[in-house]
Structures are given as C-alpha cells and as structure tokens.
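Note sheet for the following structure.
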Amino acid sequence: MKRLIPLLMIAMLMLISACGNDDESENTNAEGSSDSNTEETNEEDNTESDESADGEMRTYESENGTVEVPANPERVVVLSTYTGNVLSLDTNVVGADPYSMSNPRYEEHLDGAEAVTSEDLEKIIELDPDLIIGLDSEKNLDRLREIAPTVTYTYGNLGYLEQHREIAKLLNKEEQANEWIEDFKTRAQEVGEEIKAEIGEDATVTVFENFEKQLYVFGDNFARGTEILYQEMDLAMPEKVEEMAIEDGFYALSFEALPEYAGDYIIYSKKNDLDTSFEQTETFQSIPAVQNDRIFEADAKEFYFNDPISLDYQLQFFKEHFLGEEE
C-alpha cells in the first residue's frame, strides 16, 4: 500500500510560470550576462542584478540538512507533487513529473516544459536547472545533486499549508505565500459556512477515486479537495471513512463496498480513461447520494494535488456544485 503513494499523489502519489522555448531562454541568459557587465559602473543597476539571482546563493535548511540554493531560482525541475506550489509562486518550471504535465490546471504555465522523472538524468542535464525539488523517495538523489542543488520533502510531514509555506521559503517568496494562505483560509471557511447552511451541519461528505480495479476513499489530508472539505470547511466525514482512511490518508476498497463508505454527498474524483462500468451496477445506483443527484464528478487530473492552483480550482468546484455559484 505504501508503494501506491507515489502513484496516487503525483498522483500524488507520488506518486505545474511557463518557460519559453530554448532560443528564448538562451536570449534571456545572454541579456542577463550583458546587463551584469554593464551594471558594474552603476550602483542602482548593481542592486537590480543582486535581486535577479545572478549567481547569488543562500543557505536553506532542509529536512535532510543544509543546502546551498539559488537566492532566486530561475530554472526549476520538480520531480513530483510540488509543481503547482512552485508555479503559484511565479517561478519558472522547466521540467515536471508526468502527472503534473497532464494537469489541465497547470497547462498554461508549463508551455515549453518537459516531462521528466528522477531516472531521466540526461534529459534533466539538458534542461540546465538551477534547482531540483522532489520527494525524499526519488531515485538517483546523489546523481541529481551533482546536476543542481536538490531539495526533497517527505510527503505528509507538514500540513498542506505549512508545506506551501516551506516551499516558498526555499524559493525566497514567503511573503507571497503567507498572503495567499491567509486569503485562502478566509475564503474557504466562508464558503464552508454557506455549504453547511445549505446541506445541514450533520450532512456527511465522502471523497473517492477509481484506480485500476479498486476504489479509494480519502481522509482529510490527501488532496482531491479533502483539505478544503474537512480541515477548512469542517464538513462531516462518514464514520467508516474516518475509521479506515484517517491514519494513512486513503483506504482501498472494492466497488461492492462503496455503499458502506458513502456519505450524504459524494465527490467523485474520476479517471475517465479507466473502466467505470461499476457506475451502472445496482449496488452503485442504489446509493442514496447517487439516487438524490448528490454525487459530483471531478476530473481526477485536476484534483490530484493540494497546491494553491489546485486548491483555488477545487474551492470554486465546491461552490458551484454545493451552492450553484458559478465563477
């Protein structure tokens, strides 16, 4: 089960702004170098050069020790899970994991970026990153550290907002992250109060996803909107889900067992490219939430993650489906 985490979180589980084309990147680097030479005689321009991270490094205390990282990274490779965090902080991503590259919410930010994994060492070298970010379970970490400063995180060690703040610290953008976090929590909690007023304080909500020949229900900290629903909105979780999914964040079950875990409302993070014939079974159709049209389907690719880009989308999704409020 632990080995499913990368598959489920990168999708997520680890197991996305955009960079320009190669010519544009080379032109940008050339212009930056030329500007640096010119600025030697101009004090004001020297200040601007420092702020542009022209080779400037600083110390970052990672969970695995001290790492020297660029003061303002300009070419980042994200190997899993955290692409949306980096993009939301207006930082250029030149390479990202395949799950992130397939996320429609990241698409406009990743034009020109390449899909990579920790095994694509030659491809990563060609991308010329100045920073690599990933999970602590990535392969080839020693070799990646030879390419560029590499920082890894253990998924779940930090809460989802604390994790975003930590990545912002790495990227030297803590103020930007703190402003978003404060605003997001306010918005999510306000919408949560409206939803509870609409569906009732005791109404339960289940989040599930289809994966291969099983379904997965999720606790309160495994993306797919769970942090919003259960942490910020404080909506109720069915007892069976709480019993089985809280500790690990998710729980695998057969299609036939879904009624035992189904709440009054269901969020269905759906993989459309997999077999969904179970939806036509009597077992599924007899679930009260299905019968009462209280099952809300979401594209799983847009629900995999819990970064600001994903969270803002998920919050709007809940407003539309619970309250009928379109953006």
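If you read the sequence from its start, that first residue is 1, and numbering goes on from there.
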Quiz item: Near Lys301 NZ, under 6.0 Å, is it more than 12 heavy atoms from other residues, nucleotides or ligands?
Solution: no

Quiz item: Is it the case that Tyr313 and Glu302 place a side-chain donor and acceptor less than 3.5 Å from each other?
Solution: yes

Quiz prompt | Connected via hydrophobic side-chain network under 4.5 Å: Phe255 and Val207 | solution = yes

Quiz item: Hey, mind stepping through Met237 and Ile246 against side chain to side chain contact (heavy atoms under 4.5 Å, CB included) and telling me if it holds?
Solution: CA-CA 10 Å; Met237 182 186 298; Ile246 283 293; 3.8 Å; yes

Practice problem: Indicate whether any N or O donor in one side chain lies under 3.5 Å from an N or O acceptor in the other, for Gln214 and Ser254. | Solution: no

Exercise. Only one of Arg224, Glu209, Glu279 passes side chain to side chain donor-acceptor pair (under 3.5 Å) with Tyr268; say which it is.
Key: Glu279

Practice problem: Give a yes or no answer on whether the side chain of Thr150 reaches the backbone of Ala148 with a donor-acceptor pair at less than 3.5 Å. | Solution: yes

Practice problem: Let me see the working for Ser277 and Asp275 under side-chain hydrogen bond (donor to acceptor under 3.5 Å, both in side chains), right down to the final yes or no. | Solution: CA-CA 6 Å; Ser277 59; Asp275 180 12; 2.9 Å; yes

Exercise. Specify the closest pair of heavy atoms between Tyr82 and Gly134, including all atoms of both residues, with the distance to one decimal.
Key: CE1-O, 4.0 Å

Practice problem: Look at the aromatic rings of Phe208 and Phe278 and report parallel, tilted or perpendicular, splitting at 30° and 60°. | Solution: perpendicular

Self-check item: Connected via hydrophobic side-chain network under 4.5 Å: Met57 and Leu170
Solution: no

Quiz item: Checking side chain to side chain contact (heavy atoms under 4.5 Å, CB included) for the pair Asp307/Ile167: CA distance, chi angles, key distance, verdict?
Solution: CA-CA 11 Å; Asp307 58 86; Ile167 292 173; over 6 Å; no

Quiz item: Do the rings of Trp180 and Phe184 sit parallel, tilted or perpendicular, given the 30° and 60° boundaries?
Solution: parallel

Exercise. Verify the cluster assignment for Ile287 and Tyr251: are they in a single hydrophobic cluster under the rule of side-chain heavy atoms below 4.5 Å apart?
Key: yes

Exercise. Determine, using the 4.5 Å side-chain heavy-atom cutoff (strictly less than), whether Leu158 and Leu311 are members of one ILVMFWY cluster.
Key: no

Quiz item: Once you round to the nearest 0.5 Å, how far does CD1 of Ile295 lie from NZ of Lys270?
Solution: 8.5 Å

Quiz item: Taking all non-hydrogen atoms of both residues, which atom of Phe322 and which atom of Glu198 are closest, and how far apart?
Solution: O-CG, 3.8 Å

Quiz item: Does atom CD of Glu63 have more than 12 heavy-atom neighbours, drawn from other residues, nucleotides or ligands, at distances under 6.0 Å?
Solution: yes

Quiz item: Do the charged groups of Arg187 and Asp312 touch, with an N to O distance under 4.0 Å?
Solution: yes

Quiz item: Atom CG in Asn103, atom NE2 in His109: separation rounded to 0.5 Å?
Solution: 9.5 Å

Quiz item: Near Gln291 CD, under 6.0 Å, is it more than 12 heavy atoms from other residues, nucleotides or ligands?
Solution: yes

Quiz item: Which heavy atom in Thr206 sits nearest to a heavy atom in Pro238, and how many Å separate them?
Solution: OG1-CG, 3.1 Å

Quiz item: To the nearest 0.5 Å, how far apart are OG1 in Thr152 and CG in Asn64?
Solution: 4.0 Å

Quiz item: For residues Glu166 and Tyr60, is any side-chain donor paired with an opposing acceptor at under 3.5 Å?
Solution: yes

Quiz item: With a 4.0 Å cut-off, would you call Lys196 and Glu193 a salt bridge?
Solution: yes

Quiz item: Could you walk me through whether Met233 and Val205 pass the side chain to side chain contact (heavy atoms under 4.5 Å, CB included) check?
Solution: CA-CA 11 Å; Met233 295 183 176; Val205 181; over 6 Å; no

Quiz item: If you measure only the distance, is there a donor-acceptor pair under 3.5 Å linking the side chains of Ser118 and Asn140?
Solution: no

Quiz item: Is a donor on one side and an acceptor on the other found under 3.5 Å between the side chain of Lys123 and the backbone of Gly95?
Solution: no

Quiz item: Is the distance between the ring centroids of Phe222 and Tyr155 less than 6.0 Å?
Solution: yes

Practice problem: Would you kindly say whether Asp183 and Thr186 are connected by a side-chain donor-acceptor distance under 3.5 Å? | Solution: no

Self-check item: Heavy-atom closest contact (Ser80 atom, Asp97 atom, distance)
Solution: CA-OD1, 3.5 Å

Exercise. Begin with the C-alpha distance, continue with both residues' side-chain angles, and end with the deciding distance and a verdict on side-chain hydrogen bond (donor to acceptor under 3.5 Å, both in side chains) for Asn210 and Thr276.
Key: CA-CA 8 Å; Asn210 61 316; Thr276 58; over 6 Å; no

Quiz item: What is the minimum heavy-atom distance between Lys271 and Ala300, and which atoms define it?
Solution: CG-CB, 3.8 Å

Exercise. Mind telling me whether Tyr216 and Phe250 have parallel, tilted or perpendicular rings, with 30° and 60° as the class edges?
Key: tilted

Practice problem: Measure across Phe284 and Val290 and return the closest heavy-atom pair with its distance rounded to 0.1 Å. | Solution: O-CG2, 3.6 Å

Quiz item: Do Leu215 and Leu274 share a hydrophobic cluster (ILVMFWY, side-chain heavy atoms under 4.5 Å, transitive)?
Solution: no

Quiz prompt | Worked verdict on Leu258 versus Thr283 for side chain to side chain contact (heavy atoms under 4.5 Å, CB included) | solution = CA-CA 8 Å; Leu258 182 59; Thr283 298; over 6 Å; no

Quiz item: Distance from Tyr160 atom OH to Glu232 atom CD, nearest 0.5 Å?
Solution: 3.0 Å

Quiz item: Should the heavy atoms of other residues, nucleotides or ligands under 6.0 Å from CZ of Arg143 be counted, would the total exceed 12?
Solution: no

Practice problem: For atom CD of Glu61, decide whether the heavy atoms of other residues, nucleotides or ligands shown that lie under 6.0 angstrom number more than 12. | Solution: yes

Exercise. Can you spot which of Leu131, Val77, Asn92, Ile133 makes a side-chain contact (heavy atoms from CB on, under 4.5 Å) with Val86?
Key: Ile133

Quiz item: Would you say the side chains of Asn306 and Gln163 form a donor-acceptor pair under 3.5 Å?
Solution: no

Quiz item: Among side-chain atoms of Asp220 and Thr226, is any donor-acceptor pair under 3.5 angstrom?
Solution: no

